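All values derive from a computational prediction rather than experimental measurement.
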Amino acid sequence: MLKHSIPLLSSLMLSAASAGSAGASPSSIHAEIGYIEVAPDITLRRMVAHSAAPKGTVLFLHGFPETLLVWKDIANALARDYEVHAIDWPGYGMSSRPAVATFSYSPRDYADILRAYIKSAHVDRSRLTIFATDIGSLPALLAAIEEPDIAKNIVVGDFAPFNRPEYMYESLQNLKSEPAASKTRIHMNGTSAEILANAYRRGLPPEEQFDLPAEVLKDMTEGWGHGDITSADAFYHYYSHFTRDQDYLEAHLGELKTPVKVVWGEKDLYIKKEMGEEFARRTGAPMTVLPGIGHYPHLQKPQNTVAEIRAAK
């Protein structure tokens, strides 16, 4: 289990003192980072930005190979009007990395973690918007099938809701079955620096490519090998159960009662937008395709994510 005195916390902690002032300007409202225990062997690092008079609560769920810091600027932009939460999934950032014998890192297990966090953090579900991308999206939907009141609404995007490998990047296809999955895991662990430096650039023309904030890249780099399970290992284990949990979602779509919206990058190289279009069509969910945007809309054009939250009903 992680200890609450992890040194990185002090270097990342951001002042939240001004967040309690109703007259605080957006630039003076900051998220703070800490830890919360959600199960006997799992402690999550989390970020919370408080608002004096919140219109509701937003919970951000990151993808691979990210950490909660990808949401920091977005959280600060929203914190005048919303209470904003973000977590590191187990296996990412500075959250716990339990042994695979006790935690499978599957979408289903992540759905359990999501429900446990909402309960442990005393989040008001009736006013909650879950905003999930990539590996965070399927767990959010699985949680909603089990508990339709998990949130007021859910925004998902750039993920693979169904078992349609033809819409997925080759390395992701390889992770869905052995022996290719184990070879891909080894390759990813051996090329972590390249993945962290370039994963968000791929598929974008030069004029649309961008750099990560230095503190975000540093956090992702330090988080990759934190503990006994790397982020690539967690990703591998997630995918070892992925088809099973995709099939479960598809078989239970009729039980998905929580309002859902789909937001997708038009130029997503990793998961083609046709995946999102099928999901939106079959669930009746509204869908927004972001022109010229890749797999990481919240990093490429964070203002779009802020606008989506403010437009959510």
Side-chain angles (χ1 to χ4, degrees), residues 8 12 31 33-36 38 42-49 57-78 84-97 105-107 109-111 113-114 116-118 121 123 128-143 151 154-160 172 192 195-196 199-200 212-213 215-224 226 229-235 237-239 242 263-265 268 270-271 293-302 304-306 308-309:
L8 184 62
L12 293 178
I33 296 174
Y35 293 84
I36 184 170
V38 298
I42 298 180
T43 297
L44 302 180
R45 185 176 64 160
R46 68 166 178 169
M47 177 173 64
V48 182
T57 302
V58 183
L59 171 56
F60 287 110
L61 304 176
H62 70 78
F64 176 86
E66 299 175 309
T67 70
L68 58 74
L69 273 198
V70 301
W71 306 111
K72 191 193 80 173
D73 289 344
I74 291 171
N76 289 336
L78 290 169
V84 185
H85 293 239
I87 62 171
D88 285 335
W89 288 117
Y92 295 84
M94 294 294 149
S95 285
S96 295
R97 315 222 172 176
Y105 296 87
S106 68
D109 274 8
Y110 278 7
I113 290 296
L114 172 59
Y117 176 77
I118 291 170
V123 174
L128 173 63
T129 295
I130 296 174
F131 193 103
T133 185
D134 192 71
I135 63 169
S137 294
L138 184 55
L141 296 174
L142 294 175
I154 300 174
V155 181
V156 294
D158 300 279
F159 75 116
L172 300 182
S192 61
I195 291 171
L196 292 168
Y200 51 92
L212 291 178
E215 67 173 337
V216 174
L217 181 58
K218 180 176 184 290
D219 195 53
M220 289 165 54
T221 301
E222 293 179 351
W224 181 285
H226 173 73
I229 293 177
T230 70
S231 294
D233 296 337
F235 197 48
H237 292 302
Y238 181 101
Y239 262 82
F242 196 32
V263 178
W264 218 277
D268 190 337
Y270 298 105
I271 310 288
I293 302 298
H295 184 74
Y296 299 90
H298 53 289
L299 293 174
Q300 188 177 354
K301 291 286 192 291
N304 290 343
T305 298
V306 172
E308 284 293 339
I309 294 299

- prompt: Are His298 and Trp71 close enough that their ring centres sit under 6.0 Å apart?
  reply: yes

Student check: side-chain heavy atoms of Trp264 and Phe159 closer than 4.5 Å:
yes

Quick one: do Leu299 and Glu66 satisfy side-chain contact (heavy atoms from CB on, under 4.5 Å)? Show the steps, please. CA-CA 10 Å; Leu299 293 174; Glu66 299 175 309; 3.4 Å; yes

Looking only at heavy atoms, the pair that brings Ala75 and Ala49 closest together is O-CB, 4.2 Å

With a 4.5 Å heavy-atom cut-off, do Tyr92 and Ile135 have their side chains touching?
yes

Handout entry: Residue pair Trp89 / His62, side-chain heavy-atom distance below 4.5 Å
Key = yes

By side-chain contact (heavy atoms from CB on, under 4.5 Å), Tyr117 pairs with (sequence neighbours left out) Ile36, Val38, Leu44, Arg46, Val48, Leu59, His85, Ile87, Ala121

When rounded to the nearest 0.5 Å, the distance separating CG of Leu217 from CD of Glu222 is 10.0 Å

Applying salt bridge (charged side-chain N to carboxylate O under 4.0 Å, His left out) to Asp233 and not counting sequence neighbours gives Arg185

Rounded to the nearest 0.5 Å, the OG1 atom of Thr221 sits from the CD1 atom of Ile195 at a distance of 11.5 Å

**OP:** Please confirm whether the backbone N or O of Trp224 pairs with a side-chain atom of Thr230, one donor and one acceptor, at under 3.5 Å?
**Re:** no

Closest heavy-atom pair, Leu61 versus Ala140, reported as atoms and distance to 0.1 Å, is CD1-CB, 4.2 Å

Between Ala199 and Tyr296, the two heavy atoms sitting closest are O-CE1, 3.7 Å

Residues Asp158 and Val263: closest non-hydrogen pair is OD2-O, 3.6 Å

Taking the side chain as every heavy atom from C-beta outward, state whether Ile74 and Val306 have any atom pair closer than 4.5 Å. yes

For Ser231 and Gly223, the nearest pair of non-hydrogen atoms, with its separation, is OG-O, 3.9 Å

Value for CG (Asp219) from CD1 (Ile33), rounded to nearest 0.5 Å, stands at 7.0 Å

d(Thr67 OG1, Lys72 NZ) to nearest 0.5 Å is 11.0 Å

- Task: Just say parallel, tilted or perpendicular for the rings of Phe235 and Tyr238, cut-offs at 30° and 60°.
- Result: parallel

side-chain hydrogen bond (donor to acceptor under 3.5 Å, both in side chains) filter on Asp88, not counting sequence neighbours, yields Arg45

With the side chain counted from C-beta on, respond yes when Phe60 and Val70 share a heavy-atom pair under 4.5 Å apart, and no when they do not. no

Any side-chain heavy-atom pair from Leu114 and Leu142 closer than 4.5 angstrom? no

Side-chain heavy atoms of Ser96 within contact of Pro90, under 4.5 Å:
no

Closest non-hydrogen contact found for Met47 with Ala31 is CG-CB, 3.4 Å

To the nearest 0.5 Å, atom CG of Leu69 lies from atom CE of Met220 at 10.0 Å

Rounded to the nearest 0.5 angstrom, the CG-CD1 distance for Asp109 and Ile42 is 7.5 Å

Heavy-atom side-chain contact between Pro302 and Asp73 under 4.5 Å:
no

